Structure formats: C-alpha cells, structure tokens
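Here is how names work: the chains are called A, B, and so on, in the same order as the sequence lines, proteins then strands, and each is numbered from 1. None of these values were measured; they are calculated from a predicted model. Only this structure's heavy atoms are used, side chains among them; waters, hydrogens and symmetry mates stay out.
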Amino acid sequence: MDERQLQKHFLAEAEELIESLLADVERLGASGDVGRPSPALVNRIFRNVHSLKGLSGMANVPVVHRVSHALEDLLEEVRMGRTRVDAALVEALATTVDELPAFVRAAAGGAASDRDAERMVAHLQHIRGGAPAKPILDHELVAIDPALLATLTEYEEHRLHENVRDRRPVYELRVAFQLAAFDQGFRGLSEQLAAAGEIIGTLPGVASDDPMKIAFRILYASAAPAGEICQLLDVHGGELEQLSHYDRDVAAPGAESGAISTSIRVDMEVFDELSLMADSLSNQVAGLGAICASMARQLSLAPREIFELRQQRRAIERAFADLQERIVDARLVPLGPTLIRSRRLVEKLAAQLGRDVDFVAEGEDVRLDKTIVDRIAEPLAHLIGNALDHGLEPPAEREAAGKPARGTVRLSAESSGNRIALHISDDGRGVDVASVRRAAAALGLESATASRSDPLDLIFAAGVSTAPSVTDVSGRGVGLDAVAAVIGELGGEIRVVSETGRGTTFTIELPTTLVTLSAFLVEAAGWTYAVDVNQLVELGIVEDGAVDPNGPSVAWRDGALPFFTLSGLVRAAGDQGHPGNRIPCLIARSGNSRTAIAVDRFVGERDVIVKSLGRHAPALRGVSGAIDLEDSGVALLVDLSELIEEYRLISRPPA
Amino acid sequence: MKKVLVVEDSAAVRAMIVSIVQTVPGIECVDAEDGLAALKALPADQFDAILTDINMPGLTGLELISFVRCHPNYKKIPIIIISTEKTEADRERGLSLGASDYITKPFVPGDLQRVIKHHLGI
C-alpha cells in the first residue's frame, strides 16, 4: 500500500468514525437521564474513539493519535464506571468531537498544529475523575461457570458487576445454529436480545450433539420476564438458565436467637447423620437433574418448560446447600465457656506456683465445631500450664530483671473464613534455644531434624524438655509432642515464637468444622483420591529430570524432598506413567517435614462431607473415609502422612 | 503458501495489517471484520496462524481465542493478539486463554513480520 493510498484509506475511515461519534455524543447529551447513560451508547462511543486512535497510529498521523488517545482515556473511565457522566463531561466531549472533522482533514494534509492538539488534550484531561476500588463478583449471588468468566474482557466483566449491583437477573442462554448459516441466526438473536437487555459476553463452541452445529453460550442480563426471553428462543430452540439468585443475600433467620429456653440438647451423632443425609440427597438431586436434562432433550420440550424444570432443580439444590450450611452451623459453639474455664485454671495455677498474673482473654464469640472445642481443651490447659510454670518467672525474679512483678498470660482467638487461630502468649523468660538444642542432641534428634527451618520447632518432638525441674503442673518432656499430635489430628497446625527475656507465643490454627472438609481431589492410576487441604503446603509441577530415583527424592525450591507416587503409596494397580515429563506433585506436610507426592492429574478443591467406611471395609491405614462425587463415583480420602509411614514400615529392608 | 487469518474490526487497520503481512513472500491473508466473521472463515480454509484484535463488537478476541483453543480442528493454530497499551489486562487474559503471542499497536511493519514469520516457522 503506498503513501497516497494509505492516506485515502485513513481519511475515508476517520470521517466515517467521526460522523458516528458526532451523532452519538449528541445522543448522550440529549438522553433524559444524563447521569446514567445507556452502556451500549457509551461503549459505542468508546469503540469508535478506540478505532480512530488505532487507525491514526497505524497511518502515522501523530496529532490525531494524541487527541484520540486522550478521548479514549476519558471514555475508558466513563465506560468502566470510574467517572460520572455529567453536563461538563458531555460538553467537553461535544466540543472536542465537533472540532475533529476539520482537525483530521488538516492533519491528513500535514497542516494540523501541535498546539491545537495540546489544547484539545488538556481540555479532556481536565475532566477526569477518581477511581473507586474494583468490586469482587459475589459467587453466592451469581453462579457463573469460570470458563465463561475467563473469556470476558475487562469491560465485559465491569458490565457484569454493574448488572449484579443493580440486581438485574443474569442468565446463561445456550443456543446452537447450523454451521452453514449461523451468523445470520446469531446476529438476529443478538439484536432481539439487545432490545430486551444486555449481552455481556458470548462463548462459541462446537455443539456436543451435532458437529455440524455451532453452539453459543451467551451471558445475558435482563429485567424482562423470563417467559419473554424464552419466547425469543422459540425460533431456534435453546436453553435458558438463571445464574443470579439475589434472594440469597437475606440473612438466614434464627442465627442470633440463642436464648437458653429455646434450645434443646441433641446428640452430636444426630448432626453427623443429618449432614450425611443432606449430602446424599443433594447428590441424588444432581443425578435426577442430569436425567431431567436428557429427557427434556429427547422430548424436545419448549425452552420455557426446560427453563422452569431447571429453575426448580436449582431451587432444590440451593435449599439443600442451605440445609447443609445450617446443620454445620448448628454444630458450632462459641469459645466463651472455654475461655472462662481457662481463666479459672490460670487463677488456680498462679496460687499453686506462686505467680502474680493477669489473664487476658479475647474472642469469646469465635465459634467452632463442638468436637474441636472438646478436643482442644486438654492441649490448651497444657499450654497454659507451661506458660505459668516455665514461661512466667516468680515475681522476685521478674523485678530483678526489670520487669513488672505481675506477668501477663493472654489467650486470644480470631476467625478468618473457615479457619481459626488461637494464640497463647506469656511475657515470661522465653524458651532457651540452646537448651532445646542440647536436649534434642541428647536424644539424637538434632541431626535427624537439621533440615527444620526453626530449631525452636524441636520442642514439639517427643521427649524434648527444657524444664529445669519437674513440677506437679508440667512434667518433663511429655506434652508438647502430644499437643502437636492432637492439633494435627484435627487438621490444624501449631507454631511457636519466642524471645529470650520477653516471652513466648504459641499459635494454633484449626479448621472451624470437621463435618465439611476442604478436600483436594487428584487422580492417580485411574482412581480419584481426596486429600485434606490442611495436609498440603502447596501444589507443584516438577520436571522429570528433577527426580533422583536413588533417594527417591526430588529437587524442590532450594532443597530436596522425599519423593513418592500416590499410586505407589496406595499400591493401586494401573498405569503409573506420567504423560509428558512434567509431573504434578502434592507438596504435603507430615509432622514438621515435607514430602513430594506425584499424582497423574490435579482435579481441584471441593468442600466435601466425609463418610466413614464403617464396617464395610477392613481397617485400612492411611484411608480415613470416602467421599461421594457428583457423577456418582466415589473418592477415597487418604491421610498422606499415615500412608507414608505405612509405606516405610512395609518397604524397610529386613535387618 | 501459508494462510493467515486477520481479525480486526477497523477496515483501514485490517487492510494495513494484511498488506504488511502479505509483503512476506509465501504468506496469503484472509480477513475477517470481527470474531463472528472469523468463526465463519475458519472452516472454509486451513489456517497456519491467526492475528486478532481483542475489542470487537459481537464476538471479542478473547471469545475467539477460547473457541479456537477448545476446537479439535483448530486448537493447534498459533494465535497472535493485536493489542494496545490500553488493553494490557485483556491481553493477559488472552495469553492465559492460550494465545501464543502478542504485538502492541502501533507497531512498525518489521516487528509484525518478524512475529508472524516466527510463528509460521519461516
């Protein structure tokens, strides 16, 4: 393309764009509600300005590029909802766009001045406003397939948020057209849809039932009655599904009515049974839904009937999800009574040991599973005993060290999502790291645990104690390992930080419930397995070459980790080969060390309900339960550290 | 002869890109005015690469990329995003949907030719 031809192209298209801009900016000013312009109108103005910018950049007309760039910046702000449309903004747009025809013609002839461009840019930049924080899509309100969400541009995502904010129903339409003439069909439907609402995004794909058809998944927001939208589908067929459920943001009733007179005692086992029943029912409903969907196709029901069938099924599914949530919630009890018991314990021990202590308790409203509250009572008492006995110095010793005679022991709890953290801290003498090392070395532990990041973690090893004397309150080295074991069984983790002369803090992290488990599903040798995410440190992909078969170990980050394959650990028959040379690995926590466990494929994280294998299965070490999958399959829940332990026992060479 | 599908909604920019790419000996272009037109063009020819804009009416570049990457017949075709400095976030989304590369507008002809030659292996 030569220079003259290029310029002709440029002018022809630029004039067309500007003509459409002039009309649209006029529409923007004339619309009754200036503050809330039609998104389609704003987007068309943006797109035309964007095209003008691209065009002038490619045709090398820098002055037009500069002005259209400033226009685009401003319109991007408007389009994304970051700048409000008001009279001043419409005025600035109109003034600039009115000048464009003459300016572009002059520029194409090389006669436009830089000063004109600067003036227009300055005028536009003057208008721009501030940027509010980007909202996060609430998946409780709108259940959108992540695959669909991933194909939205930033702007489309913004439009989705705006529609959700305005509580406009959001739908997914599925419609398929014959390959030969799909574009007319699609464009026709798009026009009809746009007239009654807003098309947010469109994802094309091959129709699953007919390779000669092209299928579209359309993300659509509309306040029109669902029946009307269904009618639009009557011509081509297709399905409509409502993704938004705005009634859900109404709080569940009864959460705060904790009056004693209205409560009854219920055996915890009843809750377990209820949870399992609700879980199994909701899986059966999912199965029924799949049958309904295929029957609807075979009977060629009208879109309206399919829509209603699906809505009904979704409503039942949501009801079960709510039911499960309520059952789980009913098992949760506040930590208040535990804190009161802890206070009594502190007072008793302080008198017994001759300590002067302030006990500070925080987080009585933090709620967690009754079973967990019961099981952590003993470990907590143990840590409090340690804090008073080994942590806090006698008043005289404290004064000699320049500290207030009265020490402080603090027990605090905080929740974040479905985990809670408990902190037990004292302002006593701190743990003497050197004597921990000596004690560990005496037991021959030091070398075995040299890889540990923090020598202080040695105090969780069996038999290690730094207590100078044995007292009635805390014994010698029997304890912290037991504490760590209980926390581990509950899917939790314990850490310690200490500073000599300043005090010690133990932090315990726990899941809030044992009923639903956050499980990570993987496939190995053709089977699906579930692992408690609390046992995982991270997920990794290792190169085949990083595996040393002699260890076996694998290079990971700066060190080497013991390496196993999951199918080897469960001794499952089947294909153990990995496709390609990149191996998906679970990096698992066992005690305080880490292990890499190879699997065939990561499936993803789910909240699941664990079923006991009960009498139906022999006691399998390393298998802690079963999980029903939605496709009516079953996954075994495996305990990785137990599996590894068992594997080592069996594969140990005879002495 | 290698075939390249050029998807861009601005007719002038599309014509420019086509003329730049076709300057490379052994390359022939087919052009499409938006994502939908690209869907129509795909089965009609055997393409060796796709050059696509992102912000287009009807069907965006991201939706096109997702379609191509999921389609058994087309999933291996290299896709190069024509991006602008304003659309970095969308470009990243495109790359994570499986686009092979990108070039930022405005570019000099040599850059576009290099990128396309690299992906065509010529």
So what's closer than 4.5 Å to chain B heavy atoms on [X]: side chain, backbone, both or neither?
{"X": "F46(A)", "value": "neither"}
{"X": "A14(A)", "value": "neither"}
{"X": "L52(A)", "value": "neither"}
{"X": "T153(A)", "value": "both"}
{"X": "E76(A)", "value": "side chain"}

Answer yes or no: does atom [atom1] of [X] have more than 12 heavy-atom neighbours from other residues, nucleotides or ligands under 6.0 Å?
{"X": "E19(A)", "atom1": "CD", "value": "no"}
{"X": "M212(A)", "atom1": "CE", "value": "no"}
{"X": "Y102(B)", "atom1": "OH", "value": "no"}
{"X": "E15(A)", "atom1": "CD", "value": "yes"}

Distance (rounded to the nearest 0.5 Å) between [X] [atom1] and [Y] [atom2]:
{"X": "L17(A)", "Y": "S10(B)", "atom1": "CG", "atom2": "OG", "answer": "7.0 Å"}
{"X": "I17(B)", "Y": "M58(A)", "atom1": "CD1", "atom2": "CE", "answer": "5.0 Å"}
{"X": "L203(A)", "Y": "E63(B)", "atom1": "CG", "atom2": "CD", "answer": "6.5 Å"}
{"X": "F67(B)", "Y": "T151(A)", "atom1": "CZ", "atom2": "OG1", "answer": "13.0 Å"}
{"X": "D34(B)", "Y": "R187(A)", "atom1": "CG", "atom2": "CZ", "answer": "5.0 Å"}
{"X": "F182(A)", "Y": "L39(B)", "atom1": "CZ", "atom2": "CG", "answer": "4.5 Å"}

- Message: Under the criterion salt bridge (charged side-chain N to carboxylate O under 4.0 Å, His left out), I'd like the reasoning laid out for E157(A) against R93(B): C-alpha separation, chi angles, the key distance, then a yes or no.
- Response: CA-CA 12 Å; E157(A) 201 179 324; R93(B) 288 173 196 210; 2.7 Å; yes

- Message: Closer than 3.5 angstrom, by distance alone: can the side chain of K40(B) be matched with the main-chain N or O of A180(A) as a donor-acceptor pair?
- Response: yes

- Top contributor to chain A contacts, counting heavy-atom pairs under 4.5 Å, from P106(B), G35(B), P43(B): P106(B)

- Item | Heavy-atom closest contact (M16(B) atom, A59(A) atom, distance) | SD-N, 4.1 Å

- Query: What are the two closest non-hydrogen atoms of R47(A) and N55(B), and how far apart are they?
  - Reply: NH1-O, 2.8 Å

Can you find a heavy atom in the side chain of [X] that is under 4.5 Å from one in the side chain of [Y]?
{"X": "L36(B)", "Y": "F216(A)", "result": "yes"}
{"X": "R14(B)", "Y": "E13(A)", "result": "no"}
{"X": "L62(B)", "Y": "E156(A)", "result": "no"}

Per-residue contact mode, [X] against chain A (heavy atom under 4.5 angstrom):
{"X": "L97(B)", "result": "side chain"}
{"X": "P109(B)", "result": "neither"}
{"X": "D90(B)", "result": "side chain"}

